[in-house]
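So the structure is just underneath, and the comments pick up after that.
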Amino acid sequence: MSNTQRKQFPFSEYEPQWQTFWLENNAFSVPNPGELEFDPQRPKYYVLDMFPYPSGEGLHVGHVEGYTATDILARYKRMCGFYVLHPMGWDAFGLPAEQYALKTGQHPAITTKRNISRFRNQLQSLGFSYDWNREINTTDPNYFKWTQWIFLQLYGSWVNPASGKAEPISTYNGKDPDSVRLAYVAEMPVNWCPALGTVLANEEVVNGRSEVGGFPVERRPMRQWMLRITAYAQRLIEELEGLDWPESIKLLQRNWIGRSEGAEVIFRTDSSTLNVFTTRPDTLFGATYLVIAPEHPLTGVLTTSHRQAEVGAYKKAISSKSDLERTDLNKEKTGVFTGSFATNPVNGEKIPIWIADYVLMGYGTGAIMAVPAHDERDFEFATKFSLPIRYVVAPTATKSCEPISGCFTGEGAAIHSPLIEGLPTAEAKRQITAWLEKEGAGRLAIHYKLRDWLFSRQRYWGEPFPIIWEQGQHYPLDSTSLPLCQPEVADFKPTDTGEPPLARAKEWVHYSDAAHRETNTMPQWAGSCWYYLRFCDSSNSSRFVSQTAEQYWMGGGKPGGVDLYVGGTEHAVLHLLYARFWHKALFDLGQLSTPEPFQKLVNQGIILGSDGQKMSKSRGNVVSPEHVIEQYGADSLRLYEMFVGPLEQMKPWSMKGVEGVYRFLARVWRLAFKEDQEGHWDVSSELKDIPMTSGQLRIVHGTIKKVTSDIESLSFNTAISQMMIFTNEFTSASPCPIEALHILLRLLSPFAPHLCEEAWSKLVLRFPNFESSASRQVWPEYDESLLIENEVELVVQINGKVRSRLLINRSATSSEIESAVLALPKVMEDLAGKLPIRVVVVPNKLVNIVVH
RNA sequence: GCCGGCGUGGCGAAAUGGCAGACGCAAGGGACUUAAAAUCCCUUAUCCGACAAGGGUGUGCGGGUUCGAAUCCCGCCGCCGGCACCA
């Protein structure tokens, strides 16, 4: 279809008009508790999109998909009488604006403002029913004031092991409060990216390269702000339970947190003790050597003098390797012998201690006992270095006298293990752990893969830390001094000495003669960790969210507050884990009323290009929403993205498919209007205030039922199919009962709001019950009794194959049905005198006759 | 390697234990038109048969459970996503 093609209905005229109307009338703004027009009796529904980073690229068809889904829910719930919180905002701190600033010298705030304005216009051109009064922007000082305030809450609290909850740091009685704060400073090896000039979180590093830009990342020790998310590891796993999230996402989070239960075992050496972590304490008798990580603090002590040269060379070689090289699974195992031995507590045996980079300092205790017979990695290492392999677990099917070879990692029965001989693995673990505890040689231990969250960045365009330094000690700023804004700088690059760009603002850094400001900034995730809370009360200047607003919008008797949260899978472990962590900490501190942020989570699938490939500029298969709106209208774009397939599924784009839904909308339009000679659309003369036939009633009420349940289950594609069936039915109705259209326009209005508003506002000229506007109508209800037909058609099967059909009254009993079916000529013919062995009757559906 | 998801016409899909292919696209035929576009109507999984009547086959492959399986179970194959020396 060319641009000059005459439009089948005047969407390009009315769509912008309705968008302006909604905007100017604040049509979708919703009151908060305590406000004048607020009715406390009404239920709430909080439906949220993952807010976008306002990139220079503008809106993408992928955004439109998720945003349309939530908009349908929002409009539907409003019509059902809910107060609907459906807000939008901008996750506007971040690298691209800063990179652009580096190149052009333009302040990121200017770029950000321009991009936001473009994004907002694009969203408005799709008719999304956001409450724009609640719009937020993470880079706005009135917003990040509270991001900084939350940081101070984390800084000022710790997780008390006794309660398992965050408490004010004042309840901590130990000597060094700084060692337990939820926000703390640590000198640690970090992911330093030279190209980006910053450190990155583990989650931002993919295969040894930066997620943004794909630049190499190296390990380097630096002083950094950390958030103690590991204190919440257990709760972050357990409390997934009560959430309506896809199982796959829950699993992704569980795997990321990576809980493993086992034992720490103490091995004595001549000079010290070595603590190792194992999930298989039942294999202790099979430990033939120990391995410690190259970064382990005891490497020096344990290396004997004549091994020093070799160990030193090995450690040096390792430290120069990138993470990518170190974690390459295909590479051969490497390691060196320290010269020392350790004593196995269960049998007093002396076993050699090795250093190898297949043991990671960051997990467990950075030391392992190697049981090559029952661990693949140890097996590989032992084979290469000719270390002994001792079998201590027999697969239960095998008799213990049979020889075992290779590596057996499964569970079985303990053998050659005096304390636990013959016990099944689970029991063996329990008994040996109990024995170790009794002997003071070990204890039950749980470790997590999850690491603390590296929270500082050497960037300009982020929230400054409300922290000052005095004589090497950090102190919080008073919350009354917030927001702490970034200073103006002439250059957004890090300084030559590697300090963050904020260090360039000497006056700003100078807090007093004795103290200076922290010059790191927070990562982009900070602002998105709590934005859903700010939406509840976005203009509050005295609190991050008022308690009444938070209790109303986040309440509802479930663990999570947001009723529906829609966004991409790419945030499965980053944003969603961070936000849960902040939420729990604030909940513990009494600032929030629910333990979880998001009750129901749905991931929309990716929209591929029409070639089935991921959309990208380089492939030239990118579809621009603006272009589609221009040709087919916003309603068509919305409807197409919902019709093309299930929300959560990956689906290719098809312009022909857009034309299909466009034609459907045109048919709906022509139900209401007919075009005259001059090209004006007049209300159709077919429309009459007449009752519907019983057949029409059945379709209308069947459609109400299906569309309602399909919206509730987010099955928008089948809801649209049903409305197409409805429309096809009435296209040929002459005259056409106006009641049918009155219902259809309400059912369709969440999907195609512009068309429905326009039609509604024109139809009122002839039919007075089209008063007010379509989006202010009450959702139609269906009458179940109208769906039931007296006569039902039964499928008649013989041995599971359809052989005939039977029309029969739905009140017929099973035996009546059976005799009626057996009397059918076709059935008698097919049976040819044979007697049925069995007749299965499924009421109102089918009869199956079983014969030999 | 481990974990998860998916596999149905020419295409997007529907049906989650009861008529496989709703709805849409594409294709073909017809009506309207001087003509075209748009619109409206019909056909459209596949094979045998005559485009009939009637019948066979068919939801990645091979088995199983069941009166009955796209749907449940077991074993494979393929594609997609996540994790990746986590002891």
Side-chain angles (χ1 to χ4, degrees), chain A residues 1-2 5-8 207 246-252 254-256 258-260 262 276-280 283 291 293 326-331 333 356-360 362-371 374-378 380-381 447-451 569-570 572-573 603 605-606 610 612 640 643-646 648-661 663-664 666-667 670 675 715 717-725 727-728 731-732 793-803 805 826 836-851:
Chain A
M1 188 168 117
S2 72
Q5 173 69 47
R6 195 181 59 84
K7 297 182 167 49
Q8 291 197 27
N207 290 330
E247 270 313 309
S248 58
I249 299 294
K250 289 187 183 182
L251 200 70
L252 235 46
R254 282 193 204 101
N255 290 346
W256 187 266
R259 180 185 198 274
S260 23
V276 309
F277 175 65
T278 177
T279 54
R280 292 295 298 270
T283 62
V291 188
R326 263 190 78 165
T327 57
D328 184 1
L329 261 176
N330 297 321
K331 77 161 186 159
K333 295 243 177 322
D357 72 343
Y358 82 92
V359 171
L360 310 173
Y363 183 73
T365 58
I368 62 154
M369 62 176 211
V371 185
H374 304 291
D375 182 284
E376 298 276 4
R377 298 150 299 182
D378 299 342
E380 197 190 318
F381 191 81
H447 283 282
Y448 299 91
K449 281 202 303 190
L450 184 72
R451 309 293 150 79
T569 335
E570 66 272 21
V573 284
N603 295 118
I606 298 167
S610 49
Y640 169 69
F643 181 65
V644 67
E648 302 188 53
Q649 190 172 302
M650 187 186 280
K651 4 174 212 280
W653 183 270
S654 154
M655 225 30 131
K656 288 286 182 190
V658 182
E659 284 186 38
V661 294
R663 280 200 281 268
F664 161 65
R667 278 203 299 280
R670 289 194 307 267
E675 197 172 18
S715 308
N717 54 333
T718 49
I720 294 165
S721 293
Q722 183 62 38
M723 289 188 281
M724 286 173 168
I725 293 169
T727 304
N728 292 345
T731 296
S732 53
E793 190 184 59
L794 294 184
V795 166
V796 180
Q797 296 182 332
I798 296 174
N799 288 339
K801 291 192 191 286
V802 181
R803 285 293 178 264
R805 278 150 212 281
K826 174 76 173 114
I837 300 164
R838 189 175 162 187
V839 179
V840 181
V841 177
V842 182
N844 302 323
K845 273 195 178 147
L846 142 162
V847 179
N848 191 13
I849 303 165
V850 186
V851 287

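Heavy atoms only: backbone and side chains are in, while hydrogens, waters and symmetry mates are out. Throughout, a chain's letter reflects where its sequence line sits, starting with A, and its residues are numbered from 1.
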Atom pairs under 3.5 Å, N or O on each side, protein against nucleotides 65-67 of chain B: can you list them with distances?
from  : atom 1 : to       : atom 2 : distance (Å)
B:C67 : OP1    : A:Arg838 : NH1    : 3.2
B:C67 : O2'    : A:Asn848 : ND2    : 3.4
B:C67 : O2     : A:Asn848 : ND2    : 2.7

Contacts of type ring pair (Phe, Tyr, Trp, His ring centres under 6.0 Å), residue [X], not counting sequence neighbours:
X: A:Phe664; result: none
X: A:Phe643; result: none
X: A:Tyr358; result: A:Phe381

Counterpart residues, side-chain contact (heavy atoms from CB on, under 4.5 Å), relative to [X] (two or more places apart):
X: A:Val795; answer: A:Gln797, A:Val802, A:Arg805, A:Leu846
X: A:Asn799; answer: A:Val850, A:Val851
X: A:Ser715; answer: A:Asp710, A:Ser713, A:Asn717, A:Thr718

Would you please name every residue forming a salt bridge (Lys or Arg N to Asp or Glu O under 4.0 Å) with [X], sequence neighbours left out?
X: A:Arg803; answer: A:Asp830
X: A:Glu648; answer: none
X: A:Lys449; answer: none

Please state whether the phosphate of [N], meaning OP1 or OP2, lies under 4.0 angstrom from any side-chain nitrogen or oxygen of [X].
X: A:Ser260; N: B:A87; value: yes
X: A:Asn717; N: B:A14; value: yes
X: A:Lys826; N: B:G55; value: yes
X: A:Gln649; N: B:A13; value: yes
X: A:Arg670; N: B:C40; value: yes

Could you check whether [X] gets within reach of a base, just the sugar-phosphate, or nothing at all, counting any heavy atom under 4.0 Å?
X: A:Glu247; result: nothing
X: A:Arg254; result: nothing
X: A:Val359; result: base
X: A:Leu846; result: base

Would you tabulate the nitrogen or oxygen pairs shorter than 3.5 Å linking the protein to nucleotides 24-28 of chain B?
from  : atom 1 : to       : atom 2 : distance (Å)
B:G24 : OP1    : A:Asn728 : ND2    : 3.1
B:C25 : OP1    : A:Arg663 : NE     : 3.1
B:C25 : OP1    : A:Arg663 : NH2    : 2.9
B:A26 : OP2    : A:Arg663 : NH2    : 3.3

task: Report the distance from atom CZ of A:Arg280 to atom CE of A:Met369, rounding to the nearest 0.5 Å.
output: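 The CZ atom of A:Arg280 sits 9.0 Å away from the CE atom of A:Met369.
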task: Figure out the CG/P separation between A:Asp378 and B:A87, and round it to whole Å.
output: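 Computing the A:Asp378:CG to B:A87:P distance gives 12 Å.
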field: Between C1' of B:G1 and CG of A:Asp375, the distance in whole Å
entry: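 Spelled out: CG on A:Asp375 to C1' on B:G1 is 13 Å.
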message: Strictly distance-based, threshold 3.5 Å: is any side-chain N or O of A:Lys651 a donor or acceptor partner for the main-chain N or O of A:Gln649?
response: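 Flag set: sc A:Lys651 to bb A:Gln649 pair under 3.5 Å.
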- prompt: Just by modelled atom types, is the A:Gly362 backbone N or O under 3.5 Å from a matching donor or acceptor in the A:Arg451 side chain?
  reply: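 Side chain of A:Arg451 to backbone of A:Gly362, a donor-acceptor pair under 3.5 Å: yes, one is there.
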From the options [options], select the nucleotide whose nearest atom is closest to the side chain of [X].
X: A:Tyr358; options: B:C85, B:G4, B:G82; result: B:C85
X: A:Lys333; options: B:C19, B:C85, B:C40; result: B:C85
X: A:Ile368; options: B:U39, B:A87, B:G55; result: B:A87

Taking only nitrogen or oxygen atoms into account, show me every contact under 3.5 Å that the protein makes with nucleotides 77-80 of chain B, one pair per line with its distance.
none

